[in-house]
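Only one structure is covered here, and it is reproduced in the block below.
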Number of protein chains: 2
Amino acid sequence: MPYGAPFLQTIKADPVKHALSVTREQDFAAWYQAVISEADLAEESGVRGCMVIRPWGYGIWERIQKLLDERIKQTGHENCYFPLFIPLSYFEKEAEHVDGFAKEMAVVTHHRLIQKDGRMVPDPEAKLEEPLVVRPTSETVIGAAFSRWVQSWRDLPVLINQWANVVRWEMRTRMFLRTSEFLWQEGHTAHASVDEAVEETMKMLEVYRSFAEECVALPVIAGEKPENERFPGAVATYSIEAMMQDGKALQAGTSHFLGTTFSSAQNIRFQNAEGQQELAQTTSWGMSTRMIGGLIMVHGDDDGLRVPPRVAPYQIVVVPMLRDTDEDAAILDYCTDLVTQLNALDVFREPVRAILDKRPAKATNKRWGWVKKGAPIVIEVGGRDVAGGNVSVLRRDRLYREDGKLDSAIIPKDVFLNQATGVLEGIQATLFAEAESRLLGNIDKSITELDALKAYFDASSKPGWALVQWSRPTGAELDKVVQWLKAEKLTLRNVPLAAEAADGACIFTGAPAVERVLVGRSY
Amino acid sequence: MPYGAPFLQTIKADPVKHALSVTREQDFAAWYQAVISEADLAEESGVRGCMVIRPWGYGIWERIQKLLDERIKQTGHENCYFPLFIPLSYFEKEAEHVDGFAKEMAVVTHHRLIQKDGRMVPDPEAKLEEPLVVRPTSETVIGAAFSRWVQSWRDLPVLINQWANVVRWEMRTRMFLRTSEFLWQEGHTAHASVDEAVEETMKMLEVYRSFAEECVALPVIAGEKPENERFPGAVATYSIEAMMQDGKALQAGTSHFLGTTFSSAQNIRFQNAEGQQELAQTTSWGMSTRMIGGLIMVHGDDDGLRVPPRVAPYQIVVVPMLRDTDEDAAILDYCTDLVTQLNALDVFREPVRAILDKRPAKATNKRWGWVKKGAPIVIEVGGRDVAGGNVSVLRRDRLYREDGKLDSAIIPKDVFLNQATGVLEGIQATLFAEAESRLLGNIDKSITELDALKAYFDASSKPGWALVQWSRPTGAELDKVVQWLKAEKLTLRNVPLAAEAADGACIFTGAPAVERVLVGRSY
């Protein structure tokens, strides 16, 4: 283990037979698909590049929405809804922006179908005069609204957000990580000054960082994207980057300072306090269902998903062990009481989410179903538990004992009720600590030569990231760097805000370094 | 007032000068647009047939979502997400369904743009092999998922719901009522038996009825749609119908029993307990942003919108009357304390939603802004109120005294704190009672002849609806009825579940009547 904390921390030696058919070690990509399938998170839809998000996956998204929405509102933003369709002419106004998205836009050209030779076809008589693009992002159409809303400095700032679906026609898709349609929130703001817009950009980056770490238990590195990785049209793009268990980076949220790119294209002008016309400074920032892909690849193990309690649709699942005997009624009563008592508790300043799994299935199948889904705590109750006033408790964050046996503990029900919220807090903290140790332990900060950088990523052990000093090249010089990295299947992730100052030479150009940049493989 | 309770109940005589530039009496359609504009609910987007839903309008939608979602989950449904795009071939499988929607479908034909003669155009090289329809509703794509999910009777029922945007290319659009894109929830379920599917259909109709009445204070008539008004592909369609202040009906939610229409098209089959293959029985049901149009036209008055407290984004708005003097700090402290104390209260089993309006604007402008938006209670606090420990309270449901003056009451702050939740409950009840009296008082049940029916709707006073006896004609006989009604600009609304049994002749055919049907103008 040359690079600090191990990647696959919870893999057990024999004799454990894990719940998934493939392990992370065997084939990480196949394991990822297996988790999505076995945990009922999502499935292929039959529609190219689009997935069906199933109840457990959508339930996690609803939790993400709720907790992130609270933070977006607490920072003064209001939700709106803007059109799905954007006229082509809106895009033509901003060349760099349209260039960035033109290759992957779904275009609506007709508004009616007719029968022809027994098949339905677009009606040639119902061709749109101006084709409509299905939004890949909404800067242009929201900018047009801002230009109506903003007249005077008194109308600023405008602070809005929308929860929506967007479409980017991806050629190679992967569930949650890269799908033609995905769900996200996109914040859009307009300000009277550069300082205020930059402050907003950084504030929302911090909202994303704290949300990812506190709610999704996803430790991230917040920093500025290099020029080549900027959002099309942005003056500066910031990201949070999370480390997956295979060492690759996942960009889990971005915040852009857009300067006057969109305000000049969409004519967002205001009269300042001195009576002069000025262009507004705008920002945008987004987080998507991609976060669920990150959650899987950071917290999943060879038994399936492990969902951090704050974003788990259900935190505690109670499984009655019924046997079609007279005891069943008493077991169900006991379980129903337990769920009622649990739901009356508060954790993370919300009511606990406990449910009774009454489905007609074998209790052990149910147990393993919930283990694969990653419910934080699974409680089993049989006749003996009722008689003894006990419950059998399984924590998803430590499923096995040292000897490889399932770590199921029988404890008095009242003791469990007293401990339950503490256990949930503990699981949340454990998942974060495990992931943070992996992240921090797998960033190599010692590499100063390109040969060493190449060797680091060529190593047979799973590499993490390298934090290297660089001179922040631009233009053609940056292109050369990016080409070299591309040949090694590497990318520049971001310049961490919290990195130490540079004190050496640029690993790429040899010029004096001005800052440190993260290099890694990525999704 | 020949038909019971007056339609425009809150219109005052002079000398009241109302806040909107147009009254309901002058021009109901223009008044509707004025409310939407002056209450900052929505605006034209510049994209044909699509609107921008602004924060106050979207805030009402978020409240509707939250309260309806709770009821959908309480009845055992889980949320999922299905693709925005539906391949044409999915529609071709169900002829009646595709016929119903083909005329208004947005069709995606290309997945890339290129530059041509300085303009962006769809790339001819990137034409889709099979065009994709932007979902107008999701029976087909969800049916395809159900066919994967359902194998055995043990997999049934499947009870799911999705919150989504849908597109129906409307030629004549009207904000909230009829827009090319709208937001809604669509529930979809599959069952092993007809009885169970019918029970589900009726259960969700009842969820809609109780939600509309209890949360949106919208009294409705629940009933079955006649054959000609059925959802394309449905065996039976049920609706809730609300009466607007101009007497027209608005269909505010529908629930469909689909039989095996979609299970045979999409092959949703299961092995029953006896080992035989059977087609599943399916249902679907939806409620949309149209509900906000209904809310406006039922509860709005000549001063703007009146939002029922349960769906108001903010229930109590506190406006400090600042004057740029030394007193301002004390006023702000007093208001901040008040808001904190109000938000610590519970009403309708949720925390009260109170805010402090600190924007830099004149207090009277703010007051009238909130009146137009329809915030249930507006509190104003000036220096004298602080000195006397008072607040000035304005209830949106009774804005004026008998003499036409604004009914603003100065009462001790502590008294208001004790009364606040009761007042909110009272406003909710008042809005419902007013609308219910209008609905029930404006359904004429005495008409037995077509001439009288025609005369009722030709009357210069605003007519409501007529409940008439009919023989439930079908096919060509029904067509004739519908044509006659169409010439009078009338429609069949529904056969109310709660109507008395028939005891006479059909007003249309003269045959013995079998039930009673509602006739009215409609949106």
Side-chain angles (χ1 to χ4, degrees), chain A residues 43 45-48 50-55 57-59 61-62 78-88 90-92 98 102-115 119-122 126 131-134 141 144-145 148 154 160 162 164-165 167 169 180-181 183 360-361, chain B residues 43 45-48 50-55 57-59 61-62 78-88 90-92 98 102-115 119-122 126 131-134 141 144-145 148 154 160 162 164-165 167 169 180-181 183 360-361:
Chain A
E43 67 185 21
S45 67
V47 183
R48 197 201 149 288
C50 298
M51 62 181 177
V52 172
I53 308 181
R54 301 193 61 177
Y58 197 79
W61 180 240
E62 288 183 304
E78 294 182 301
N79 286 339
C80 293
Y81 189 76
F82 295 85
L84 171 68
F85 297 135
I86 305 181
L88 262 189
Y90 284 40
F91 279 97
E92 287 167 342
V98 70
K103 282 192 288 293
E104 50 186 39
M105 278 176 169
V107 192
V108 176
T109 54
H110 294 73
H111 62 80
R112 188 162 61 221
L113 296 176
I114 49 166
Q115 284 268 1
R119 300 231 34 190
M120 301 302 298
V121 295
L132 296 172
V133 168
V134 182
V141 71
R148 297 190 296 271
R154 286 186 196 83
I160 67 102
Q162 98 171 339
N165 53 346
V167 170
W169 203 266
S180 291
E181 181 192 10
L183 305 180
Chain B
E43 67 185 20
S45 67
V47 182
R48 198 201 148 286
C50 298
M51 62 181 176
V52 173
I53 309 181
R54 300 193 61 177
Y58 197 80
W61 180 241
E62 288 183 304
E78 294 183 302
N79 286 340
C80 293
Y81 189 76
F82 294 86
L84 170 69
F85 297 135
I86 305 181
L88 262 188
Y90 284 41
F91 279 96
E92 287 168 341
V98 71
K103 281 192 287 295
E104 49 186 39
M105 278 175 170
V107 192
V108 175
T109 55
H110 294 73
H111 63 80
R112 188 163 59 223
L113 296 176
I114 49 166
Q115 284 268 2
R119 301 229 36 187
M120 301 302 299
V121 295
L132 296 172
V133 166
V134 182
V141 70
R148 295 191 295 271
R154 286 186 195 83
I160 67 101
Q162 97 171 341
N165 53 345
V167 170
W169 203 266
S180 292
E181 181 192 8
L183 305 180

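Chain letters run A, B, ... following the sequence lines, proteins first and then strands; every chain starts at 1.
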Option in A:Trp61, A:Phe82, A:Tyr58, A:Tyr81 with maximal non-hydrogen atom pairs under 4.5 Å from chain B: A:Tyr81
Approximate separation, where rounding is to 0.5 Å, of A:Glu43 CD and B:Cys80 SG: 9.0 Å
List the atom pairs, with distances to 0.1 Å, where a side-chain N or O of residues 107-115 of chain A and a protein N or O form a donor-acceptor pair under 3.5 Å, not counting sequence neighbours.
from     : atom 1 : to       : atom 2 : distance (Å)
A:Thr109 : OG1    : B:Thr109 : OG1    : 2.6
A:Arg112 : NE     : A:Asp123 : OD2    : 2.9
A:Arg112 : NH2    : A:Asp123 : OD2    : 3.1

So, the part of B:Ala144 with a heavy atom under 4.5 Å from chain A: the answer is neither
Contact origin within A:Phe91 toward chain B - heavy atom pairs under 4.5 Å: neither
Tell me, side chain or backbone of A:Glu104 under 4.5 Å from chain B's heavy atoms, or both, or neither? backbone
Top of B:Val134, B:Ile86, B:Leu183 for chain A proximity - count of heavy-atom pairs under 4.5 angstrom: B:Leu183
A:Glu62 and B:Asn79: side chain donor to acceptor below 3.5 Å: yes
Considering only heavy atoms, which portion of B:Arg119 lies under 4.5 Å from any heavy atom of chain A: side chain, backbone, both, or neither? both
Options B:Glu78, B:Arg48, B:Arg148, B:Met51, ranked by heavy-atom pairs under 4.5 Å with chain A, top entry: B:Arg148
Looking at B:Pro83 and A:Glu181, what are the two nearest heavy atoms and their distance? CA-OE1, 3.5 Å
With chain A as the partner, which of B:Cys50, B:Ala102, B:Ser180 has the greatest number of non-hydrogen pairs under 4.5 Å? B:Ala102
Greatest number of non-hydrogen atom pairs under 4.5 angstrom with chain A, of B:Leu132, B:Leu84, B:Val98, falls to B:Leu84
If you count heavy-atom pairs within less than 4.5 Å of chain B, which of A:Val121, A:Ile53, A:Val141, A:Leu88 leads? A:Ile53
A:Pro131, part contacting chain B, at a heavy-atom distance under 4.5 Å: side chain
A:Met105 and A:Trp169: which non-hydrogen atoms are nearest, and at how many Å? N-CB, 4.4 Å
Please report the shortest heavy-atom distance between A:Ser45 and B:Tyr90, naming the atom on each side. O-OH, 3.6 Å
